[in-house]
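Protein chains get the first letters and strands the later ones, always in sequence-line order, with residue 1 at the start of each.
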Amino acid sequence: MLSLYTQILTAYGPRGWWPVPGSAGHRGFDPRGYHPGDFTHPRTPAGRFEVIMGAVLTQNTAWTNADAALARLRKAGVRLPSDILALPHSRLSGLIRSSGYFNQKAKKLKAVAALFSHQRALTPAGAPSREALLSEWGIGAETADSILLYAFYKPVFVVDAYTRRVLSRIGLIEGSERYEDIQALFHDALKQQPALYNEYHALIVQHARRHCTTRPECATCPVRPCRYRRHASPRAGAPRARA
DNA sequence: CGCCAGGTGGGAT
DNA sequence: ATCCCACATGGC
């Protein structure tokens, strides 16, 4: 686990994703997504809630699509749970249209707004537990953990489809393990620091997009050893290897 | 035009 | 417990 981190950090450099306490500057969720000035400070209630809405809106969706929806919400003055709760479903779904699944996500935002509607819920002391998040409709393991890590700086590693793919290609997991089992690999091997988990996750995303794609580009891959490399075809078009 | 993108809940087996 | 599917837009 640590070896993978070191290798992809060296290869890609720090990603500088969602800010953590003590970081010098505030850059956006995704370097290509947010721009300085667009974004709300993540240690205020509105800032935390923006991160939370982003976590829902980006579910199985390109970040650019989710970000466009966040921008429209911001422009419409939607900043806090009470704003979401005050909107009719049709108006809300219209505002977030670009994020895809807009009917489902409007419902999810309503649910998440209800959970965070008490002012204390958007403060560090009042942060909901993982169990409380998971019990809300529309919040699964990854979204819950994204909220805990990125909105509340809890030392919780976020496992996503990229994580599963990269680790299984390398041979660190089989691929069908349960979410929490994969997460435990990170929790057990690394110091439990939010900034580390943040950076590591961002680096996995970068690696999965740059080299460890559906059709991987193993020829220039910076990660070694990798089990998949032996099976992978160096050029596109060849039949995909299966273990 | 086809595929993919930082998932989740619900229903069938 | 596991598998299958609906949910939907936008970029390449």
Aromatic ring pairing [X]/[Y], orientation class (parallel under 30°, perpendicular over 60°, tilted between):
| X | Y | value |
| --- | --- | --- |
| F157(A) | H201(A) | perpendicular |
| Y200(A) | Y5(A) | tilted |
| Y197(A) | H187(A) | parallel |

_Does either side chain, that of T64(A) or that of D67(A), offer a donor lying less than 3.5 Å from an acceptor on the other one?_
no
Do any side-chain nitrogens or oxygens of [X] fall under 4.0 Å of OP1 or OP2 in [N]?
| X | N | result |
| --- | --- | --- |
| W137(A) | dG10(B) | yes |
| N60(A) | dG7(B) | yes |
| R165(A) | dA5(B) | yes |
| T64(A) | dG11(C) | no |

_Residue met sooner reading DNA chain B from 5', once L134(A) and A62(A) are mapped to nucleotides_ =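 The 5'-side residue here is A62(A).
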_5'-most by nearest nucleotide on DNA chain B - G138(A) or H201(A)_ =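 Its nucleotide being nearer the 5' end, the pick is H201(A).
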*Is E136(A) touching bases, backbone alone, or none of the nucleic acid, heavy atoms closer than 4.0 Å?*
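Answer is sugar-phosphate: E136(A) comes under 4.0 Å of backbone atoms only.
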*Report which part of the nucleic acid A141(A) touches: base, sugar-phosphate, or nothing (heavy-atom distance under 4.0 Å, all strands).*
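Counting heavy atoms under 4.0 Å across all strands, the contact made by A141(A) is with sugar-phosphate only.
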Starting at [atom1] of [X] and ending at [atom2] of [N], how long is that distance when rounded to a whole Å?
| X | N | atom1 | atom2 | value |
| --- | --- | --- | --- | --- |
| K108(A) | dG10(B) | NZ | P | 10 Å |
| L148(A) | dG6(B) | CG | C1' | 16 Å |
| I204(A) | dG6(B) | CD1 | C1' | 11 Å |
| L70(A) | dT9(C) | CG | C1' | 15 Å |

*Given L92(A), which of L85(A), L87(A), D83(A), N103(A) fulfils the side-chain contact (heavy atoms from CB on, under 4.5 Å) condition?*
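Of L85(A), L87(A), D83(A), N103(A), side-chain contact (heavy atoms from CB on, under 4.5 Å) with L92(A) is met by L87(A) alone.
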_Sub-4.0 Å heavy-atom contacts from residues 95-105 of chain A onto DNA chain C, ordered by number_ =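 Contacts with DNA chain C under 4.0 Å: R97(A), S98(A), G100(A), Y101(A), F102(A), N103(A), Q104(A).
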